[in-house]
Number of protein chains: 2
Amino acid sequence: MIETFTALADPNRFRIVEYLLGGARSVGAIGEALNLNQPQVSKHLRVLKEARLVDVEARAQQRLYGLRPEPLRELNAWLERYRDIWDQRLEQLDSLIEELKTQDLEAAQRHARKKKG
Amino acid sequence: MIETFTALADPNRFRIVEYLLGGARSVGAIGEALNLNQPQVSKHLRVLKEARLVDVEARAQQRLYGLRPEPLRELNAWLERYRDIWDQRLEQLDSLIEELKTQDLEAAQRHARKKKG
DNA sequence: ATCCAATATTCCTTGACGGGAATATACCCA
DNA sequence: TGGGTATATTCCCGTCAAGGAATATTGGAT
């Protein structure tokens, strides 16, 4: 998980991953598309590969790099554990506050009770 | 997004976030639980706060830090764009390969057709 | 007003990382 | 085998971030 975050924390690696969302590409294509020097592309791809975010397929003298699902699945699974936090319905909270402001205690209590279910 | 990844890429910050999943905690509690010196805790919390991953509530001379939902939602939204990649059913693919190997073309074609829906 | 507890900030040092330039390696073709 | 293309690796340098130690700040109690 940390390695995934580290890999994605670099702006150019992030751009590479985003670019690869369009499909596997060669090192040269990546460098050209993102305006990066070839050695830096190779180096970033190495980090991404070590993080298992990409894999390589040899195509003559080219290397096609493509995204791999595992780390993304892990990220999703990790995020799931935080669902209680990120999946809060803000509108719901807002309307509750509104009800409290207008002294509509009955409605607010109804609202609060509803959240238990 | 990058800032979120950067904030979570540090092992100790990651541990702090995980720890806060149990609810908002004071700086001292965090340091004690994770065996970190107080200044480093404050510094990491600053980074997390700038990344909007936590917020503070003053409680006498204590400061309670708690998780905030926004960056986690953004992370989820970002990840959604990669759903085609991470949500591949590998077993499905495996069975398709198996069918092809055993020359069971009919089953393979049935299988392939199913993926369109 | 003073003291203490909790937290924040600063200064310093060190290690890791990213970029550029140069070079090495691998593969294909004639 | 030689040459060219595509990619990987190495070396060097500058920057930045993390940890430790010391100090500053804030709030509450006596």
Side-chain angles (χ1 to χ4, degrees), chain A residues 1-68 71 75, chain B residues 1-68 71 75:
Chain A
M1 197 69 355
I2 300 265
E3 201 175 12
T4 304
F5 287 133
T6 303
L8 294 171
D10 178 81
N12 283 328
R13 278 195 298 269
F14 184 81
R15 291 172 67 209
I16 291 176
V17 168
E18 290 274 283
Y19 180 59
L20 291 183
L21 192 48
R25 301 290 150 89
S26 72
V27 176
I30 296 171
E32 198 168 341
L34 306 184
N35 214 36
L36 296 172
N37 296 330
Q38 179 266 317
Q40 337 299 339
V41 176
S42 286
K43 281 187 275 190
H44 283 310
L45 285 171
R46 171 134 89 133
V47 175
L48 291 173
K49 187 170 55 177
E50 283 168 358
R52 302 158 12 226
L53 275 161
V54 301
D55 61 357
V56 210
E57 183 190 349
R59 188 102 174 176
Q61 65 262 35
Q62 296 190 2
R63 303 296 149 99
L64 298 184
Y65 282 84
L67 292 176
R68 297 196 49 216
L75 190 49
Chain B
M1 197 68 356
I2 300 265
E3 200 175 11
T4 302
F5 286 133
T6 304
L8 294 171
D10 178 81
N12 284 326
R13 278 196 296 269
F14 185 81
R15 292 172 65 211
I16 291 177
V17 168
E18 290 274 284
Y19 180 58
L20 292 183
L21 192 49
R25 299 291 149 89
S26 72
V27 176
I30 296 170
E32 199 168 342
L34 306 184
N35 214 36
L36 296 173
N37 297 329
Q38 178 266 316
Q40 337 299 339
V41 176
S42 286
K43 282 187 275 191
H44 282 311
L45 286 171
R46 171 135 88 135
V47 176
L48 291 173
K49 187 170 54 176
E50 284 168 356
R52 300 160 11 225
L53 275 162
V54 301
D55 61 355
V56 210
E57 182 189 350
R59 187 99 174 178
Q61 64 262 36
Q62 296 190 8
R63 305 293 150 101
L64 297 186
Y65 283 85
L67 291 177
R68 296 195 51 216
L75 190 48

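In the text below, chain A, chain B and the rest are named by the order of the sequence lines, each starting its count at 1.
For L64(B) and dA6(C), the CG to P distance is 13 Å, given to the nearest whole Å. Atoms CD (E57(B)) and C1' (dA6(C)) sit 16 Å apart, rounded to a whole Å. At whole-Å resolution of the value, CZ in R63(B) and P in dT9(C) are 10 Å apart. If you measure from atom CD of Q61(B) to atom C1' of dG27(D), you get 6 Å, rounded to the nearest angstrom. Here dG19(C) presents its C1' atom at 15 Å from CZ of R46(A), a figure rounded to the nearest Å. In this structure, the CZ atom of R25(B) is 18 Å from the C1' atom of dT7(C), given to the nearest Å. Rounding to whole angstrom units, NZ of residue K43(A) and P of dA16(C) are separated by 17 Å. When rounded to the nearest whole Å, the span between CG of L48(A) and C1' of dG18(C) equals 14 Å.
The base of dA8(C) lies close enough to the side chain of Q38(B) for a donor and an acceptor atom to sit less than 3.5 Å apart. For Q40(A) against dG20(C), a side-chain-to-base donor-acceptor contact under 3.5 Å is present.
Between N37(B) and the phosphate of dA18(D), there is no side-chain N or O to OP1/OP2 separation shorter than 4.0 Å. Considering only side-chain N and O atoms, H44(A) lies under 4.0 angstrom from the phosphate OP1 or OP2 of dG19(C). Side-chain nitrogen and oxygen atoms of Y65(B) include at least one within less than 4.0 Å of the OP1 or OP2 phosphate oxygen of dA8(C).
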For side chain to side chain contact (heavy atoms under 4.5 Å, CB included), just list the numbers for Q62(A) and V27(A), CA-CA rounded to whole Å, side-chain angles, deciding distance to a tenth of an Å, and then say yes or no.
CA-CA 7 Å; Q62(A) 296 190 2; V27(A) 176; over 6 Å; no
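The two residues P71(A) and T4(A) have their closest heavy-atom pair at CB-OG1, 3.9 Å. Nearest heavy atoms, Y65(A) versus V54(A): CD2-CG2, 3.8 Å. Taking both residues in full, the closest heavy atoms of M1(A) and L75(A) are given as CE-N, 3.9 Å, listed atom of the first, atom of the second, then distance. Shown here for L53(B) and A7(B), the closest heavy-atom pair between the two residues is CD1-CB, 3.8 Å.
Closest-nucleotide positions on DNA chain C for A60(A) and D10(A) were compared, and the one nearer the 5' end corresponds to D10(A).
R13(A) comes within 4.0 angstrom of the backbone, heavy atoms only, and of no base.
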